[in-house]
Amino acid sequence: LTQDELKKIAAYKAVEYVESGMVLGLGTGSTAKHAVNRIGELLRQGKLKNIIGIPTSKMTHEQAVSLGIPLSNLDSHPVVDLAIDGADEVDPYLNLVKGRGGSLLREKMVEGACRKFVVIVDESKLVKHLGGSGLAMPVEIVPFCWKFTAHRLQKLFEEAGCVAKLRTFGENEEPFVTDNKNYIVDLYFKKDIGNLKVASDAILRLAGVVEHGMFLDMATTVIVAGELGVTVKNK
Ligand code: DER
């Protein structure tokens with residue numbers, strides 16, 4: 001099975017949790033895309049009715065519009081019944097790293113407002129420690145004096161051998177701009193960052209930081225699709 005087939009299996013399993021009449025948080029990324037497609041398909045087949053989607057990015061908003069999924073927002077629906085979204089890393093306590101697609105702020109707002117948050121991953125996302133994979137830990141920051149903020153973030157985790165990099169795109173390395181008109185600094189760690197709650201609070205205390213990609217104690221269920229089958233982990 002390819003990685004994308006595994007993502008699709010996890011996504012379809014998660015959509016089994018969706019009931020007619022639900023207000024749904026619609027995730028962002030290549031795994032969540034399959035879940036949103038599936039929801040659109042069930043709506044079209046009349047197997048699901050009266051669904052309201054709360055998208056976690058402009059990209060998901062567009063996908064949902066193209067599928068005819070009725071949409072709303074947190075202002076109108078401050079409580080969400082169920083959110084389905086992917087993750088970049090999942091630790092044994094169901095803590096997550098998210099945001100490598102750049103949508104972490106709206107995802108955290110929507111998923112923080114939901115009763116159930118079902119995470120869908122292929123098995124490659126499972127890690128022992130968050131940030132341990134050496135891959136990016138995203139932090140959304142305001143563009144104003146971004147170098148100053150990036151340097152403070154790097155300093156915060158110097159014991160963990162942290163390197164902070166502004167996320168850019170294209171050949172002229174333009175700064176990546178989020179849906180909320182902010183920048184993203186990606187943190188790369190050489191060593192374990194220790195207590196996640198302490199790290200989270202320290203990052204959020206820096207003026208200029210908007211939000212980070214550690215989703216601690218938020219997932220209620222994680223669905224893992226692997227070569228040997230699908231595993232459902234509940235909090
Ligand atoms: O950027 C994000 O937050 C995405 O949800 C990410 O965490 C998972 O993206 P993927 O399903 O494409 O791996």
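Quick note: numbers below take in every heavy atom, side chains included, and nothing from hydrogens, waters or symmetry partners.
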Close side-chain approach of [X] and [Y], heavy atoms under 4.5 Å:
X	Y	value
L24	V18	yes
V110	D85	no
R167	P138	yes
I54	V23	yes
D81	K116	no
I9	H34	no
T149	V185	no
V65	L71	yes

More than 12 foreign heavy atoms under 6.0 Å from NZ of K108: is that the case here?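 More than 12 within 6.0 Å, yes.
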In one Ile/Leu/Val/Met/Phe/Trp/Tyr side-chain cluster, 4.5 Å: [X], [Y]:
X	Y	result
L204	V142	no
F157	L206	yes
I120	L1	yes
W146	V163	no
V97	L153	yes

From [atom1] ([X]) to [atom2] ([Y]), nearest 0.5 Å:
X	Y	atom1	atom2	result
I193	E159	CD1	CD	12.5 Å
I223	Y17	CD1	OH	4.5 Å
E158	L156	CD	CG	9.5 Å
L104	E111	CG	CD	10.5 Å
E62	S57	CD	OG	8.5 Å
Q63	T28	CD	OG1	9.0 Å

T56 and S103 side chains, donor-acceptor separation under 3.5 Å: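 No donor-acceptor contact under 3.5 Å links the two side chains.
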Short question: side chain of [X], backbone of [Y] - any donor-acceptor pair under 3.5 Å?
X	Y	answer
N73	S76	yes
D88	R100	yes
D179	K58	yes
E211	L105	no
E107	G27	no
N172	E174	no

Start with the C-alpha gap between K8 and E5, add the side-chain angles, then the distance that decides, and say whether salt bridge (charged side-chain N to carboxylate O under 4.0 Å, His left out) holds. CA-CA 5 Å; K8 190 171 179 179; E5 283 163 339; over 6 Å; no
Least distance between heavy atoms, [X] atom then [Y] atom:
X	Y	result
F169	P175	CE2-O, 3.5 Å
P92	K128	CD-O, 3.3 Å
G102	I184	CA-CD1, 3.8 Å
A219	L94	CB-O, 3.7 Å
V118	A14	CG1-CB, 3.8 Å
V139	I203	CG1-CG2, 4.0 Å

N180 vs V210, side-chain contact (heavy atoms from CB on, under 4.5 Å): CA-CA, chis, key distance, verdict: CA-CA 10 Å; N180 321 298; V210 178; over 6 Å; no
Pair K147, H151 - check side-chain contact (heavy atoms from CB on, under 4.5 Å), show working. CA-CA 6 Å; K147 279 196 192 97; H151 181 74; over 6 Å; no
Sequence neighbours excluded, which residues qualify as ring pair (Phe, Tyr, Trp, His ring centres under 6.0 Å) partners of Y188?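 Testing Y188 for ring pair (Phe, Tyr, Trp, His ring centres under 6.0 Å), a comparison that skips the adjacent residues, returns none.
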Who passes ring pair (Phe, Tyr, Trp, His ring centres under 6.0 Å) against F215, sequence neighbours left out?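 With neighbours one apart ignored, the set is empty.
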Verdict with reasoning, D4 to T2, per side-chain hydrogen bond (donor to acceptor under 3.5 Å, both in side chains): CA-CA 5 Å; D4 193 54; T2 65; 5.6 Å; no
Between R106 and E140 (salt bridge meaning N to carboxylate O under 4.0 Å), is one present in this structure?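 Here R106 does not pair with E140 in a salt bridge, since their nearest N and O are not under 4.0 Å apart.
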Should E41 and R38 count as an ion pair when the cut-off is N to O under 4.0 Å?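 Yes.
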Partner set under salt bridge (charged side-chain N to carboxylate O under 4.0 Å, His left out) for D217, not counting sequence neighbours: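 Salt bridge (charged side-chain N to carboxylate O under 4.0 Å, His left out) check on D217 returns K235.
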Just one of M214, K98, H212 clears the side chain to side chain contact (heavy atoms under 4.5 Å, CB included) bar with M137, so which one?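 Of the listed options, the one satisfying the test is M214.
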Determine, step by step, whether V224 and K125 satisfy the side-chain contact (heavy atoms from CB on, under 4.5 Å) criterion, reporting the C-alpha distance in whole Å, the side-chain angles of both residues, the deciding distance to 0.1 Å, and the verdict. CA-CA 9 Å; V224 186; K125 308 296 186 67; over 6 Å; no
Give the C-alpha distance, both sets of side-chain angles, the deciding distance and a yes or no for side-chain contact (heavy atoms from CB on, under 4.5 Å) between L96 and V121. CA-CA 11 Å; L96 318 172; V121 293; over 6 Å; no
Salt bridge (charged side-chain N to carboxylate O under 4.0 Å, His left out) assessment of R205 paired with D201: CA-CA 6 Å; R205 260 200 301 276; D201 293 343; 5.4 Å; no
